[in-house]
Engineer: 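My questions all concern the structure below.
Lettering of chains follows the sequences in order, A, B, ..., and the numbering in each one begins at 1.
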Amino acid sequence: PSSGVAGYWRSLKWVPIPFSVGFAYICYQQYGHIKKRENRHIRGSQSIEDSLAKEWQVNLYRIVPFRSLSRLWGQVNSVEVPLFLRAPMYGLYARLFNCNLGEALVEDFKQYKNLQEFFMRELKPDVRPVDAHHTLVSPCDGRVLHFGKVEKSKLEQVKGVTYSLKEFLGPRSTIPADAVDGKYEVSDEDYHSSLCQKEGTSLYHCVIYLAPGDYHRFHSPTNWTAHHRRHFPGELLSVNPGIARWVRGLFNYNERVCITGEWQYGFFSLTAVGATNVGSIAFYCDQELCTNLTGKYKPGIYFDKSLKSCHKESIDHDGVVMTKGTGIGTFNLG
Amino acid sequence: STIVLVFEAPKDFEFVFNSGDKIRLGERLGSL
């Protein structure tokens, strides 16, 4: 009996230790999160500044070859998955990222040849009714990171972390006649006011983050006419909310495609910002658009295309007519 | 991936959700 008791004590001594250490570690992590959150509430903007990455940290982060990784990720996910692996593989993905397969047009995992197809799955037509009573609706599934009035030509990626509207959308496509040698410098304030076309209006913005499990197609949020497409090649840094809180101007670093035009209240734009996993962007109205290409790019360089000059049945001379709720583009893996 | 909308609207435009809220395609964004 004495050896049995000794064995019991020996097991009691060692088994709880890893659990205790693990539990203590989780508590410590949680304490850190709570402390940061409380600091944000108490110290406000100062705390936000403290939690932002320093310039050297951002530069170091940008050295990581996310563009190459993204293309590699895309290639891997374009490979046809053997039939027997599809259900366990996509099932794991669906569980990890909370995909609701009941909403998918094709519920059978085996019908998706690769993860790319699964990622871009379509939804059943009745699972996302478009609000018929309101003019402006959400263009996608996701989480609202931030929204509000644009103040002093600054957008906010998350609360308190601002970035330049002028850099985000780029210069206005119409260069005034008095521009010297085609160069035209405009202040932030003038740029801001140049976007407002009507009396009694303001500029507003809204940032919606799409998590890996979300439906990754986007639709027109209102009835509007798209006049112009601008493609900014760029980095493919992660855009998850944690990084958005850490790297100021994240969306200005990243590859993005901006469609600008007009709706009943004046200026309207929709910008799709790429990320590491989701490096390429497609707009149905622009078949020439190619994103996440190999090779280097120069920061600040962008490629424009007028959508007024297209000659297709669905496109009139004023641009591309976008109808509220209709699909206008997709994000692709890699 | 992220979608950013920048648009002009009347001064009394109001968004109808909070930061951090989940939103679905087709749900209203604001009131005009």
Side-chain angles (χ1 to χ4, degrees), chain A residues 123 128-131 133-148 150 155 158-159 165 168-169 195-198 200-210 215-216 218-219 221-222 239 244 251 256 263 265-275 277-278 281 325 331, chain B:
Chain A
L123 295 182
R128 293 289 183 276
V130 176
D131 191 322
H133 305 291
H134 293 92
T135 319
L136 187 63
V137 299
S138 174
C140 56
D141 283 1
R143 187 175 294 279
V144 178
L145 286 192
H146 203 63
F147 62 89
V150 180
L155 300 168
V158 291
K159 189 171 171 54
L165 170 68
F168 183 67
L169 295 180
L195 293 179
C196 287
Q197 300 161 5
K198 299 201 174 180
T201 58
S202 296
L203 273 188
Y204 296 85
H205 75 120
C206 177
V207 186
I208 302 172
Y209 167 71
L210 289 80
Y215 170 64
H216 262 74
F218 43 91
H219 295 229
T222 189
V239 291
F251 301 151
R256 61 195 183 277
W263 72 323
Y265 300 105
F267 175 80
F268 197 88
S269 75
L270 182 148
T271 305
V273 184
N277 288 336
V278 191
I281 300 157
F331 286 107
Chain B
S1 37
T2 304
I3 295 285
V4 181
L5 300 177
V6 180
F7 54 92
E8 186 178 357
K11 287 185 187 293
D12 58 352
F13 176 81
E14 282 183 4
F15 289 96
V16 291
F17 44 75
N18 296 311
S19 292
D21 283 356
K22 287 277 283 181
I23 194 162
R24 286 176 153 204
L25 166 67
E27 288 178 349
R28 73 163 171 154
L29 275 186
S31 59
L32 279 159

Engineer: What distance separates B:Lys22 NZ from A:Asp141 CG, expressed to the nearest 0.5 Å?
Structural biologist: 7.0 Å

Engineer: Look at the side chain of A:Tyr204 and the backbone N and O of B:Pro10, then say whether any donor-acceptor pair between them is shorter than 3.5 Å.
Structural biologist: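 Yes, A:Tyr204 side chain to B:Pro10 backbone: donor-acceptor pair under 3.5 Å.
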
Engineer: Give, as side chain, backbone, both or neither, the part of A:Leu136 having an atom under 4.5 angstrom from any heavy atom of chain B.
Structural biologist: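 Looking at A:Leu136, backbone and side chain both touch chain B.
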
Engineer: Looking just at side-chain N and O atoms, do A:Thr201 and B:Glu8 make a donor-acceptor pair shorter than 3.5 Å?
Structural biologist: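 Side-chain D/A pair, A:Thr201 to B:Glu8: present.
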
Engineer: Check whether any side-chain heavy atom of A:Val207 sits under 4.5 Å from a side-chain heavy atom of B:Thr2, and report yes or no.
Structural biologist: yes

Engineer: Could you pull out the closest heavy-atom pair between B:Ala9 and A:Trp263, with the gap in Å?
Structural biologist: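 The answer is CB-CZ2, 4.2 Å.
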
Engineer: With respect to chain B, which residue among A:Cys196, A:Gly266, A:Ala272, A:Ser202 yields the maximal number of heavy-atom pairs within a distance under 4.5 Å?
Structural biologist: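 Heavy-atom pair counts peak at A:Ser202.
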
Engineer: Can you check whether A:Phe218 reaches B:Leu25 side chain to side chain, under 4.5 Å on heavy atoms?
Structural biologist: no

Engineer: When only pairs under 4.5 Å are counted, which of B:Asp21, B:Val16, B:Val4 shares the most heavy-atom pairs with chain A?
Structural biologist: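 Winner by heavy-atom pair count: B:Val4.
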
Engineer: A:Lys198 versus chain B, heavy atoms under 4.5 Å apart: side chain, backbone, both or neither?
Structural biologist: both

Engineer: Would you name the heavy atoms of B:Phe17 and A:Cys206 that are closest together and state the gap between them?
Structural biologist: CZ-SG, 3.9 Å

Engineer: Side chains of B:Leu5 and A:Pro221: closer than 4.5 Å at any heavy-atom pair?
Structural biologist: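 Yes, their side chains come closer than 4.5 Å.
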
Engineer: Measure A:His216 against the heavy atoms of chain B and call it side chain, backbone, both or neither at under 4.5 Å.
Structural biologist: side chain

Engineer: Output the option from A:Phe168, A:Phe331, A:Tyr215 having the highest count of non-hydrogen pairs under 4.5 Å with chain B.
Structural biologist: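 Between A:Phe168, A:Phe331, A:Tyr215, the count favours A:Phe331.
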
Engineer: A side-chain contact here means heavy atoms from C-beta on lying under 4.5 Å apart; do B:Ile3 and A:Leu270 qualify?
Structural biologist: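 In short, these two side chains touch, coming nearer than 4.5 Å.
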
Engineer: Which atoms of B:Leu32 come close to chain A, meaning under 4.5 Å heavy atom to heavy atom: side chain ones, backbone ones, both, or neither?
Structural biologist: side chain

Engineer: Mind checking the CZ-NE2 spacing from B:Phe15 to A:His146? Nearest 0.5 Å is all I need.
Structural biologist: 9.5 Å

Engineer: Decide if the gap between the ring center of B:Phe7 and the ring center of A:Tyr265 is smaller than 6.0 angstrom.
Structural biologist: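 No, ring centres 6.0 Å or more apart.
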
Engineer: Is there a donor-acceptor contact under 3.5 Å from the side chain of A:Arg128 to the main chain of B:Gly26?
Structural biologist: no

Engineer: Quick one, A:Phe267 and B:Val6 - any side-chain contact, counting heavy atoms below 4.5 Å?
Structural biologist: yes

Engineer: Shorter than 4.5 Å, heavy atoms on both sides: which option in A:Thr222, A:Thr271, A:Asp131, A:Leu169 has the most such pairs with chain B?
Structural biologist: A:Thr271

Engineer: Could you check whether B:Ser31 and A:His134, counting side-chain N and O atoms only, form a donor-acceptor pair closer than 3.5 Å?
Structural biologist: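 Absent: no donor and acceptor within the cut-off.
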
Engineer: Report the C-alpha distance between A:Ile208 and B:Ile23 in whole Å, list the side-chain angles of each, state the deciding distance to 0.1 Å, and finish with yes or no for side chain to side chain contact (heavy atoms under 4.5 Å, CB included).
Structural biologist: CA-CA 8 Å; A:Ile208 302 172; B:Ile23 194 162; 4.2 Å; yes

Engineer: To the nearest 0.5 Å, tell me how far A:Ser138 OG sits from B:Glu27 CD.
Structural biologist: 7.0 Å

Engineer: Quick one: do B:Ser19 and A:Phe147 satisfy side chain to side chain contact (heavy atoms under 4.5 Å, CB included)? Show the steps, please.
Structural biologist: CA-CA 7 Å; B:Ser19 292; A:Phe147 62 89; 3.7 Å; yes

Engineer: If you tally heavy-atom pairs under 4.5 Å against chain B, which of A:Val130, A:Val144, A:Ile281, A:Thr135 wins?
Structural biologist: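 Most pairs with chain B among the choices: A:Val144.
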
Engineer: With only heavy atoms counted, which part of A:Pro129 is less than 4.5 Å from chain B, the side chain, the backbone, both or neither?
Structural biologist: backbone

Engineer: Under a 4.5 Å heavy-atom cutoff, which of A:Gly148, A:Gly325, A:Ala244 has the most pairs with chain B?
Structural biologist: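 Heavy-atom pair counts peak at A:Gly148.
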
Engineer: Could you have a look at A:Gly274, A:Gly200, A:Ala275 and say which one has the most heavy-atom pairs with chain B under 4.5 angstrom?
Structural biologist: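 Looking at each option in turn, the highest pair count goes to A:Gly200.
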
